[in-house]
2 protein chains.
Amino acid sequence: MLPAEKSEILKKSLIFSSLNEEELSGLAGLSVERSFQPNEFVFWEGDEADYFYVIAQGRIKVVKHASSGKEFIIAFFEPGEMFGEVAVFEGKPYPASAQALSASKVLGINRQNFLDFLATRPKVALRIINILGGRLRDAQGRLKDLAGERVEQRLAHILLMLASRMGNTLPFTRQELADMAGMTTETAIRLTGGLSERGIIRTSRGQLVILDEAKLRALAEGPPTV
Amino acid sequence: MLPAEKSEILKKSLIFSSLNEEELSGLAGLSVERSFQPNEFVFWEGDEADYFYVIAQGRIKVVKHASSGKEFIIAFFEPGEMFGEVAVFEGKPYPASAQALSASKVLGINRQNFLDFLATRPKVALRIINILGGRLRDAQGRLKDLAGERVEQRLAHILLMLASRMGNTLPFTRQELADMAGMTTETAIRLTGGLSERGIIRTSRGQLVILDEAKLRALAEGPPTV
DNA sequence: CGCCTATTTGAAAACCGTCAAAGTATGTGG
DNA sequence: CCACATACTTTGACGGTTTTCAAATAGGCG
């Protein structure tokens, strides 16, 4: 990949939108390109964290494994988004694993180089604070759901969250939804089946379309028995 | 409170440890002191977020309420720690409520003033990135637990996390532990009862002492049936 | 001493996970 | 182009974990 292409990719990322061309190419010079096949892992939980990543193309999921072996999906990321940053900013091993879902290209940015870069770019630092704040907010909302809500409401919240980021057509299997909502695949299927019958969503293999966001929102907030 | 006292409090906080005296007093000038009675709320979920806070004295808990009315405790904070920052850095309403547990004093720092301050203090920004990263890591670990582990393992994880921050004597009621681990008070009592019988912990009203951290760790990792 | 909150115990029921088996898209290789 | 392998989807029955509901005890503070 040419340096100019790297700059182009970084520029599209929200994190670096405040940088000028010169700064972008400086950062591009610090970055390393890596490519991954579908299902290949970018890093594993516990690995030394020397790099964080910005996605150039493809989709990445970040997961943790429970002691039972069950997988929990922390997040999906798309081109322009960063991942692996928690570990890098803390200087500790990665707290989760990252796996490519499709053929993917990412730019890896070295921890120490980036920290040095940040020390003179307060705007970028503020942007990162912003992004981390948003992720923390999401995480806290999900914590509350997992701790206190029933499966149906958990799934509804997940669908609404995904819809707000990606639109009403969601490219996820029921298994993936289940792993995000902390339930089994069977339960996710039964729930989506029920929602389909009520005309709230439409499902096909590996995809789910939200038809009636208002009803879904009502479901997410209160129990169906009003 | 005198400006010098404010500086003193800020200085003790990890966030501002890189500041010199002059910077500290500048920041102290931007801060407002507020006092709270036990059980009084510092802010409510959904309030406009103009300030974030550093604790001078007392203990604060940050909570969210599920649709059922059940309370979920996101975190407890002690003197020197900051809270309410997620909302401030995002410019959105508070995502949770903050309640004083004991008579408390806090320093409130205005959002816009602080963002201006940060724009010329990259070290403080990096420290905040660090703290947010740590909180995000914690939150992700708890997400995985809530999604995939049984109550006993969830409780064990919570106890270990608290112990690593506060030592082996934990000043929490079973109700509070239950609200952190996403279970009912009755379940928390039954579980702690079992742990006491096995000599792993000792409990009294509003307090829990960890006696055998190794056994607790074993419990947290794997199912009890080895 | 009295009130409020925390702790305790028990029994019943609900929710959801587990297990098993089968059907159905998608893509691959012959 | 068909056959097959692989993943995703579907359905049913059962059982266990945890919540729910109820009632009683006990500790601490004014």
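Numbered from 1 within each chain, the chains take letters A, B, ... in sequence-line order.
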Using whole Å, what does the distance between atom [atom2] of nucleotide [N] and atom [atom1] of [X] come to?
{"X": "E71(B)", "N": "dA6(C)", "atom1": "CD", "atom2": "P", "answer": "11 Å"}
{"X": "L208(B)", "N": "dA6(C)", "atom1": "CG", "atom2": "P", "answer": "16 Å"}
{"X": "L101(B)", "N": "dT5(C)", "atom1": "CG", "atom2": "C1'", "answer": "14 Å"}
{"X": "L191(A)", "N": "dT11(D)", "atom1": "CG", "atom2": "C1'", "answer": "14 Å"}
{"X": "Q207(A)", "N": "dT9(D)", "atom1": "CD", "atom2": "C1'", "answer": "15 Å"}
{"X": "Q175(B)", "N": "dA26(D)", "atom1": "CD", "atom2": "P", "answer": "20 Å"}
{"X": "M183(B)", "N": "dT19(D)", "atom1": "CE", "atom2": "P", "answer": "7 Å"}
{"X": "I189(B)", "N": "dA24(D)", "atom1": "CD1", "atom2": "P", "answer": "17 Å"}

Which residue, E149(B) or G193(A), contacts DNA chain D at a nucleotide closer to its 5' end, judged by nearest heavy atom? G193(A)
Roughly how far, to the nearest 0.5 Å, is CD1 of I210(A) from CD1 of I201(A)? 8.0 Å
Which listed nucleotide (dT18(C), dT20(D), dT9(D)) is nearest to the side chain of E186(B)? dT20(D)
The single option from E71(B), E81(B), E40(B), E78(B) passing salt bridge (Lys or Arg N to Asp or Glu O under 4.0 Å) against K61(B): E71(B)
[N], OP1 or OP2 - any side-chain N/O from [X] closer than 4.0 Å?
{"X": "T173(A)", "N": "dC8(D)", "value": "no"}
{"X": "T184(B)", "N": "dT18(D)", "value": "no"}
{"X": "R174(A)", "N": "dC8(D)", "value": "no"}

From CA spacing to verdict: side chain to side chain contact (heavy atoms under 4.5 Å, CB included), F83(B), I55(B): CA-CA 8 Å; F83(B) 65 95; I55(B) 302 180; 3.5 Å; yes
By the 4.0 Å heavy-atom rule, please label [X] as base, sugar-phosphate, or nothing.
{"X": "G206(B)", "result": "sugar-phosphate"}
{"X": "R205(B)", "result": "base"}
{"X": "R190(B)", "result": "base"}

Using atom types as modelled and distance alone, determine if a side-chain donor or acceptor of K105(A) lies under 3.5 Å from a backbone N or O of E33(A). no
Does R59(B) CZ have over 12 foreign heavy atoms under 6.0 Å away? yes
